[in-house]
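We use all heavy atoms of the structure for the numbers below, so side chains are in, but hydrogens, waters and symmetry mates are not.
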Amino acid sequence: MNQLLLPLKKLIIPFRVDAVMPNTLILILRVLTGYLLSFVLAINKFGTPWTPKLMGLELFEVSDWFIKLVEQFGPPFSQMPELFAWSAGFTEALGGILLILGLNTRITPFFITTTMFVTIAFRPLNESWNIIRTFIFFCQGLFFMGFGSGKFGLDYVLTRRNPIQLHF
């Protein structure tokens, strides 16, 4: 069984950083990024348990304005805008939670980075769109794909030989 899980384990093992200060900085950036994705950006476009009632979104429901925005991206997004809007909202909401926990931190940012790349490449430019924020999340996704969660994440705990004993 361990031999079957070895490739997956290699994907989630964080980049080895032994010092406390870099791990603390990775933790702060990871939690801040996850919080902004899940609790600031996703709540107005995707229904989560923490979405305020005034947004009028049920659990896992996508807002109409976001579906219309995705439809403007052109083909293939205009063919199935509900699916693409739902997947983008779900990626932001769940991906942010996984980043906060430091769980699956090298795979999850791939989906976040892909979502941000699609937004950068296909969203129509207008005065109301801030490309800088999207580009920052894109770069943070690339960072976490490379570094992983650091020692202060669940990935580190799960990939240790003895998960109970942490070595700092």
Side-chain angles (χ1 to χ4, degrees), residues 7-15 17 22 25-52 54-150 152-155:
L8 179 62
K9 186 176 179 181
K10 286 183 179 182
L11 277 177
I12 66 170
I13 292 175
F15 184 79
V17 178
L25 293 174
I26 291 171
L27 170 69
I28 291 169
L29 182 62
R30 196 184 76 231
V31 169
L32 180 64
T33 302
Y35 173 80
L36 289 173
L37 282 170
S38 286
F39 298 101
V40 176
L41 296 178
I43 62 169
N44 65 346
K45 58 181 97 157
F46 187 72
T48 62
W50 53 88
T51 299
L54 64 101
M55 297 291 182
L57 295 172
E58 297 294 323
L59 187 63
F60 301 132
E61 180 185 6
V62 182
S63 64
D64 293 334
W65 70 267
F66 189 54
I67 293 171
K68 289 179 180 147
L69 179 68
V70 170
E71 199 169 8
Q72 295 175 4
F73 286 16
F77 307 103
S78 60
Q79 305 302 319
M80 297 181 289
E82 295 89 3
L83 175 68
F84 287 109
W86 190 90
S87 65
F90 185 76
T91 298
E92 287 181 7
L94 180 64
I97 295 297
L98 291 174
L99 280 178
I100 290 170
L101 296 174
L103 184 62
N104 204 9
T105 316
R106 295 185 90 182
I107 298 170
T108 300
F110 170 77
F111 295 104
I112 294 169
T113 303
T114 302
T115 301
M116 296 304 153
F117 175 77
V118 166
T119 304
I120 291 168
F122 293 100
R123 183 170 175 176
L125 295 176
N126 59 30
E127 304 83 36
S128 67
W129 185 50
N130 185 357
I131 194 169
I132 302 296
R133 180 179 70 189
T134 307
F135 184 72
I136 289 171
F137 282 114
F138 174 80
C139 291
Q140 288 171 332
L142 291 176
F143 174 81
F144 289 119
M145 278 194 303
F147 275 93
S149 67
F152 302 130
L154 289 177
D155 284 345

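Distance check, rounded to the nearest 0.5 Å: CG of Asn44 to CE of Met55 gives 5.5 Å. Atoms CG and CD1, on Leu125 and Ile120 in that order, are 10.5 Å from each other to the nearest 0.5 Å.
Of the listed residues (Ile97, Leu94, Leu98, Ile43), just one forms a side-chain contact (heavy atoms from CB on, under 4.5 Å) with Ser38, and that residue is Ile97. Just one of Leu59, Leu57, Asp64 meets the side-chain contact (heavy atoms from CB on, under 4.5 Å) condition when paired with Glu61; it is Leu57.
Heavy-atom minimum distance, Ala93 versus Phe46: CB-CD2, 4.0 Å. The two residues Ala42 and Gly89 come nearest to each other via the heavy atoms CB-O, 4.3 Å. Residues Leu99 and Gly34 approach most closely at CB-CA, 4.0 Å, considering heavy atoms. Closest non-hydrogen pair, Phe66 versus Ala85, comes out as CE2-O, 3.3 Å. Residue Thr108 comes nearest to Gly95 through the heavy atom pair CG2-CA, 3.5 Å, listed as atom of the first residue, atom of the second, then distance.
A search for side-chain hydrogen bond (donor to acceptor under 3.5 Å, both in side chains) contacts involving Thr51 returns Thr48, not counting sequence neighbours. Listed by chain and residue number, Phe77 satisfy the ring pair (Phe, Tyr, Trp, His ring centres under 6.0 Å) test with Phe73 (two or more places apart in sequence, or in another chain). Partners of Thr119 under the side-chain hydrogen bond (donor to acceptor under 3.5 Å, both in side chains) rule, at least two apart in sequence or in another chain, do not exist in this structure.
Without hydrogens or angle criteria, Arg106 side chain to Asp155 main chain gives no donor-acceptor distance under 3.5 Å. Listed for the Trp86 side chain is no donor-acceptor partner under 3.5 Å among the backbone atoms of Val62.
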Under 3.5 Å, which donor-acceptor pairs do the side chains of residues 134-149 form with other protein atoms, sequence neighbours left out?
residue, atom, partner, partner atom, Å
Gln140, OE1, Thr33, OG1, 3.2
Gln140, NE2, Thr33, OG1, 3.4

Exercise answer: donor-acceptor pairs, residues 110-117 side-chain atoms, under 3.5 Å, sequence neighbours excluded:
residue, atom, partner, partner atom, Å
Thr113, OG1, Pro109, O, 2.7
Thr114, OG1, Phe110, O, 2.7
Thr115, OG1, Phe111, O, 2.8

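Judged as a side chain to side chain donor-acceptor pair (under 3.5 Å), not a single pair has a partner in residues 72-84 (not counting sequence neighbours).
Taking the side chain as every heavy atom from C-beta outward, Leu36 and Leu32 approach each other to under 4.5 Å.
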| message | If you apply the rule side chain to side chain contact (heavy atoms under 4.5 Å, CB included), what do you find for Leu69 with Lys45, and how did you get there? | response | CA-CA 11 Å; Leu69 179 68; Lys45 58 181 97 157; over 6 Å; no
